[in-house]
Each structure stands twice: as structure tokens, then as C-alpha cells.
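Atoms within a ligand are numbered from 1 in the order they appear, just like the ligands themselves. Values below: every heavy atom of this structure, side chains too, minus hydrogens, waters and symmetry copies. Note that this is a predicted model, so its numbers are computed, not measured.
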Amino acid sequence: MQVIPVTLAPRGVGATSRRDTWWVTPLVVFVGLSAFVVYATWAAFQGEHYTYGPYLSPFYAPELFGESPHAWFGPMPGWWPGFVPFSPALLILPFPGLFRFTCYYYRGAYYRAFWLDPPSCAVGEPRTHYRGENSFPLILQNVHRYFLYVAILFLFLLSYDVWLATRFVDPAGGATEFGIGIGTLVLAVNVVLLTSYTLGCHSMRHLVGGQHDEISASSVRDACYSCSTALNGRHQLFAWCSLFSVALADLYVRLCSMGIWTDLRLL
Ligand code: FES
């Protein structure tokens with residue numbers, strides 16, 4: 001076979017012959033992800049205004065230790081280091097956070113938007129060597145499939161929180177009664193979007209369709225694979241929608257708790 005040697009001339013960062021607005025997408029990703037990280041970090045360290053009545057902010061769910069009635073194991077544990085400000089969110093946010101951080105879609109998005117590696121197709125990048133994700137530290141991104149199991153567990157926990165968000169305490173008699181408020185719907189929509197994002201994960205498709213190149217003996221498995229594949233086709237959309245919904249759900253509970261916003265009871 002004839003081999004034609006090709007010499008690639010290195011370009012400067014951002015240098016390109018493209019004339020389209022290739023820079024818009026990385027810029028929007030940079031602004032969107034930066035805004036989320038700043039808000040989520042601020043909200044996580046607040047340690048207050050994360051519950052309102054039966055509502056619990058998804059940033060703080062499940063609340064393992066804390067002062068609210070939602071806490072599973074009571075107040076702040078004695079082993080918490082004194083020099084670190086306590087917030088229940090710090091115990092659980094790393095898990096969904098790392099699930100997103102290692103997501104195949106987000107990896108491509110922040111490699112381009114934050115590391116300019118490359119900023120877009122056929123645009124100059126800061127590095128001259130391509131090492132891929134085969135060496136440290138990026139090889140650690142392969143833990144994504146294990147964070148998927150944790151993310152699925154969180155879906156069940158957040159769904160349970162939606163159920164709890166229908167249990168209102170009657171201020172007159174103190175009895176618990178069924179009800180639906182705007183906050184219930186906000187938390188429910190958030191779970192739907194998170195579920196659509198999680199079940200469309202690339203690793204989910206491997207999980208449910210690992211032997212899809214063989215004639216399947218299970219129509220249930222085929223249905224799960226088709227469902228996951230359909231969601232995967234909109235993975236980028238659900239990645240962003242669920243990112244915003246989880247922040248908006250926290251904001252909604254926070255504003256209600258601070259008395260800035262009034263929750264409307266529908267039922
Ligand atoms: Fe995006 Fe797994 S690939 S969540």
C-alpha cells in the first residue's frame with residue numbers, strides 16, 4: 001500500500017481558515033457551565049434555606065446530617081473537621097457532580113470551552129501532542145460508568161423527595177395531608193429531566209444492551225436499549241435542561257425559605 005507522507009503545520013491557538021461563527025458554541029458553554037459552577041458552589045456552602053415545608057433542595061438531597069426535619073441521621077456529626085464550614089450539601093454533591101464531570105458529552109464540551117483543546121474543529125489548539133484519555137490524569141474519566149450506578153440511586157432518592165413534597169403539614173391541627181404546590185411540580189420536573197439525562201448516558205446503553213450484537217432473547221432488554229438510545233440522541237439537550245432544572249429547583253426552595261417568593265398551593 002502506498003503511504004503518502006503528510007506534514008501537519010502547527011497552528012497558533014485559535015488560528016483557523018474557518019469563516020463561520022465557530023466560537024459561539026464554546027463561548028456559550030463556557031458562560032453556562034461557569035455560571036452553574038459559581039451558583040452551585042455558593043448554594044452548597046450556604047448550609048441554610050435549603051428546605052421549605054415538605055420541599056428539599058436537590059443540592060441537599062439526601063440530607064444525611066443537618067438541622068432540618070429531612071435529615072436522616074440528625075445534626076452535624078462530631079467527626080466533621082472544625083476548620084471546614086458544615087453544609088449537608090458537601091456530603092452528597094460530589095457524587096452527582098463527578099457523574100456530570102465525567103460525562104462523555106460534558107467532557108467534549110469543557111475540553112473545547114475551557115481547555116481550548118481544540119476550541120472547535122480545524123481550529124488551532126495550545127498543545128502539539130495528542131495523548132487522548134489513555135494516560136493519567138484523563139484516564140480517570142473512565143470511572144464514569146461507576147458513577148452511573150450512583151446517579152441511578154439518586155434518581156430513586158429524588159423521586160422519594162417528590163413524594164415527600166406532597167405531604168403538607170396542616171398548620172392548624174398539625175396533621176399531614178396530601179397536597180401539591182408549585183414547588184412539588186418544580187421538584188417533579190427536575191426528576192423527569194434528570195432521569196432523561198441519566199438513562200440516556202452512553203454507559204447506560206452498554207449496561208442494558210451489552211450484548212446487542214447478538215440476537216437478543218429478551219424483548220425487555222431490547223426495549224430498554226431502544227429507550228436509552230432514543231434518550232441518548234438528545235443527551236446534550238437533557239444535559240443542559242437538567243443542569244438548569246436542578247439549579248432552578250434549589251433557587252425556588254431557597255427563595256420560598258427566605259420569604260422572597262410565595263409558594264402557591266394547587267391542591
Ligand atoms: Fe453523559 Fe453518561 S455519557 S451521563
To the closest 0.5 Å, what do you measure between OH (Tyr197) and CZ (Phe238)? 12.5 Å
Working to the nearest 0.5 angstrom, can you tell me the gap between Thr198 OG1 and Phe154 CZ? 11.0 Å
Among Arg107, His202, His144, which one has a heavy atom closest to atom 2 (Fe) of ligand 1? His144
Distance under 4.0 Å to a non-hydrogen atom of Cys103: what atoms of ligand 1 satisfy this? 1 (Fe), 3 (S), 4 (S)
Atom 1 (Fe) of ligand 1 reached by Cys201 (N, O or S, under 2.8 Å): no
Taking the N/O/S atoms of His235 one by one, which is nearest to atom 1 (Fe) of ligand 1? NE2
For Tyr104, counting its heavy atoms only, list the atoms of ligand 1 lying under 4.0 Å from any of them. 1 (Fe), 3 (S)
Does the ring of Tyr104 carry Arg107 above it, NZ/CZ under 6.0 angstrom from centre and within 45° of its axis? yes
Ring centre gap for Tyr106 and Phe101 strictly below 6.0 Å: no
Assess the side chains of Ser120 and Arg18: does a donor N or O sit below 3.5 Å from an acceptor N or O? yes
Yes or no: does Tyr197 have any heavy atom under 4.0 Å from an atom of ligand 1? yes
